[in-house]
Amino acid sequence: MIDLFHHALRLHADPSRVVVRPFHLAWANNGQGPSRTERIVNAVLELNATETSAELEVVLKDFEARHWQTRRVFMTRYDEIEGMLGLDGAAIDDEKRQLIGAYFCHEYSYAAAALMNPSAVPHHDQSGMPPGSQRILMSLRAVGEGHISSVAFREGIITDNNELKLAPEPPFATATDMVGVDEEHVPEGPVTVYRHRDSTLSGTVIFPITNAQSKGLEDLRLVHFQHEDGSWEWLGTYTAYNGSVIQSELMRTRDFRAFDLVPMTGPAARNKGMALFPRKIDGQYMMIGRQDGENLFLLKSDTLTHWEEGEKLLTPELPWELVQIGNCGPPIEVDQGWLLLTHGVGAMRKYAIGAVLLDKHDPSKVLGRTKEPILAAADQDREGYVPNVVYTCGAMKHGDKLFVPYGVADSSVAFAFIPIASLLAAM
C-alpha cells in the first residue's frame, strides 16, 4: 500500500477574485454616423467639470476599493482609446480621461466557476530557504464567466515534514499586459505578455490573447527545464481553445516577468495533454502526449515548437483506466528512471491517478506500472463542478518525496505528499 499524506489545505473557486479587464466594443464606423465608441467618448467630452466629477465619483465609490491602482488602470485604458480614435489628450483633463477609460473597462471574476488542474515547479527564488524546505510555484486553471479559462499562480513553501504554507494572495489581482495591442485586429501567436512591475506572481493572471486562445488557456503543465548549455528556463505546455478547435502551445519564461505564448506546429500539436521532459535525452527534446485521446505516446523533436506523431508508449490495461489513459504532468527524474504520473478513466467516467517508471536513457521502455490508483475520487472528493474527477498537471520532487497538487471534481485543489520509495514499491 502506498504511504500517502493528504494535507488539510484546500483551495476553492472564489467569485470575489476579480480583475479589471478591457471592455471591447466594435471600433469601426458602420457607415451610418459615429461608431458606438466615438458616441460614448463624445458624450463624456460634452459633460461639464461638475458632471464629470460626479460621474467619476460614482464609479470610484463602486470599484476603487476592489482593485489595485484603479485610477491608473483607467488612465492606461484611456491612452489606448486615444491612440485608436486620434484624440488630443492635451486638451482633455485627467478626470475626463479617467471616466473615458472607465467606460471601456469591466470587472471580471476569473475563478468564479472553478479552480482546478494545478502544476508545481521549484520557485525561481530559493533565497533564505533552510535545509529541508523549498519555495514552490504553482499554476492553476481558473474558470470564470463564459467558461473562459485563464492561468493563475500561487507561491508557497514545502518542507520535508509534509508541511505546506502558501503565500497570501494580495487583495488585488492584476492581468498581464501585452505591449502595443491593436484592438482592431486580434493578434496571432506568438505573443509576449508581461506581469505588472508592482504585482506579485500570486496576484497575476494570464488571460487569452489570440484568436486561437479566445475561449481559454487550459491545463498548463509547467516544467523547470535545463538546456544543454546549463541554463534554466520554465516551460509549460497548455491547450489553447477557441470554442471549436484546440491547439497545443508553449509558455516560456526565465523570470516570470515576461511570458512568451508560442503556438506549436506539427500533427502532434493538434492534440491536448502534451507534457515535456525537463531536459533533452540523447540529443532530442521529448514529450509525453495522448495523440488519439485513448493511449499515451512518446514524442521526439529537434525543436521545442514542432512535434510529429510519436510511438505508442502505454495503452489502457487495468479496470480503472479502460476508457483512456493520459499523462498527469511532465516526467520527473529520479535515480531509478523517469517517474510519470498518469490519469486513468474507468467505469462511470471516474478518474484516478497512477504512475509508471520509464527507463532513464530510453524512455520508450516501461520499467514498472502501478496496478492500483495512487489517488481516486472518493467520498467528499467526488462532488463538484465535474464529479468523480481527480487530476494533476504536474507534481514535483522534494527530497525523497513527491509533492502532488491535484484538482478535485474541477472545483477545488488539494495537496498530497508521496514517498518515492513507496510509489516505486507499488509497481
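- In summary, of the residues considered (E249, R221, K272), a side chain to side chain donor-acceptor pair (under 3.5 Å) with Y238 occurs for E249 alone.
- Taking CG of L137 as the reference point, atom CG of D125 lies at 11.0 Å (rounded to 0.5 Å).
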side-chain contact (heavy atoms from CB on, under 4.5 Å) between Q291 and K312, intermediate numbers included: CA-CA 9 Å; Q291 303 315 111; K312 191 176 293 185; over 6 Å; no

Test log, rule salt bridge (charged side-chain N to carboxylate O under 4.0 Å, His left out), inputs R369 and E321: CA-CA 12 Å; R369 186 171 185 170; E321 62 182 19; 2.6 Å; yes

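- For the residue pair E188 / N211, a side-chain donor-acceptor distance below 3.5 Å is found, with atom types taken as modelled.
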Full working for side-chain contact (heavy atoms from CB on, under 4.5 Å) between V151 and L140: CA-CA 6 Å; V151 177; L140 303 122; over 6 Å; no

Step-by-step side-chain contact (heavy atoms from CB on, under 4.5 Å) determination, V356 to L367: CA-CA 7 Å; V356 298; L367 305 181; over 6 Å; no

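- Counting heavy atoms from C-beta outward, H343 and N327 have side chains that stay 4.5 Å or more apart.
- Ring centroids of W232 and F225 are separated by 6.0 Å or more, keeping the two rings apart.
- In this structure, K215 is not positioned above the aromatic face of Y241 in the sense of NZ or CZ being under 6.0 Å from the six-membered ring centre and within 45° of the axis.
- Taking the side chain as every heavy atom from C-beta outward, P363 and M286 approach each other to under 4.5 Å.
- Using bins of under 30°, 30° to 60° and over 60° for the plane-to-plane angle, the ring pair F207/Y110 lands in the perpendicular bin.
- Between F104 and I40, the closest side-chain pair of non-hydrogen atoms falls below 4.5 Å.
- Within the 4.5 Å cutoff, no side-chain heavy atoms of L164 are placed close to those of I157.
- A salt bridge is defined here as a Lys NZ or Arg NE, NH1 or NH2 lying under 4.0 Å from an Asp or Glu carboxylate O, and E317 with K371 fails to meet this definition.
- Of all heavy-atom pairs spanning A269 and M264, the tightest one is CB-O, 3.5 Å.
- In terms of heavy atoms, C393 sits closest to L220 at CB-O, 3.5 Å.
- In this structure, D282 places its CG atom where only 12 or fewer heavy-atom neighbours from other residues, nucleotides or ligands lie under 6.0 Å away.
- When the shell of 6.0 Å around CD of E145 is examined, it contains 12 or fewer heavy atoms from other residues, nucleotides or ligands.
- Formation of a donor-acceptor pair under 3.5 Å by the Q284 side chain with backbone atoms of I281 is not found in this model.
- With a 4.5 Å cut-off on side-chain heavy atoms, I374 and I418 count as touching.
- Distance check, rounded to the nearest 0.5 Å: CZ of F415 to CG of N162 gives 13.5 Å.
- Annotation: side chain of H196 is not in contact with side chain of T204 (no heavy-atom distance under 4.5 Å).
- For the pair R135 and E155, the salt-bridge criterion is not met [side-chain N within less than 4.0 Å of a carboxylate O].
- Donor-acceptor pairing under 3.5 Å is lacking for the side chains of S133 and T159.
- Taking the six-membered ring for Trp and thresholds of 30 and 60 degrees, Y351 and Y391 have ring planes more than 60 degrees apart, a perpendicular arrangement.
- Between R97 and D94 a salt bridge is recorded (basic side-chain N to carboxylate O distance below 4.0 Å).
- D177 pairs by the salt bridge (charged side-chain N to carboxylate O under 4.0 Å, His left out) definition with nothing, not counting sequence neighbours.
- Looking at heavy atoms from C-beta onward, L339 lies in side-chain contact with L424 at the 4.5 angstrom threshold.
- Nearest heavy-atom pair across Y406 and P118 is N-CG, 3.6 Å.
- Residues L9 and L166 meet the side-chain proximity criterion, which asks for heavy atoms closer than 4.5 Å.
- Side-chain contact of S301 with H306: a donor-acceptor pair under 3.5 Å is absent, judged by distance alone.
- Residue pairs satisfying the salt bridge (charged side-chain N to carboxylate O under 4.0 Å, His left out) criterion with at least one member in residues 335-346, sequence neighbours excluded, are absent.
- The line from OG1 of T52 to CD of E57 is 12.5 Å long, rounded to the nearest 0.5 Å.
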Intermediate values then yes/no, side chain to side chain donor-acceptor pair (under 3.5 Å), E169 and S202: CA-CA 6 Å; E169 287 183 302; S202 291; over 6 Å; no

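- Note that the NE2 atom of H123 and the CZ atom of F256 stand 7.5 Å from one another [nearest 0.5 Å].
- Expressed to the nearest 0.5 Å, how far CG of L357 lies from CG of L423 amounts to 9.0 Å.
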Verdict with supporting geometry, T192 and D260, side chain to side chain donor-acceptor pair (under 3.5 Å): CA-CA 4 Å; T192 301; D260 297 326; 2.6 Å; yes

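- Atom CE of M129 and atom CD1 of I158 lie 10.5 Å apart (nearest 0.5 Å).
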Derivation of the side-chain contact (heavy atoms from CB on, under 4.5 Å) call for R195 and F259: CA-CA 8 Å; R195 172 161 64 104; F259 304 84; 4.2 Å; yes

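- With respect to the salt-bridge test (charged N to carboxylate O, under 4.0 angstrom), the residues R279 and E333 qualify.
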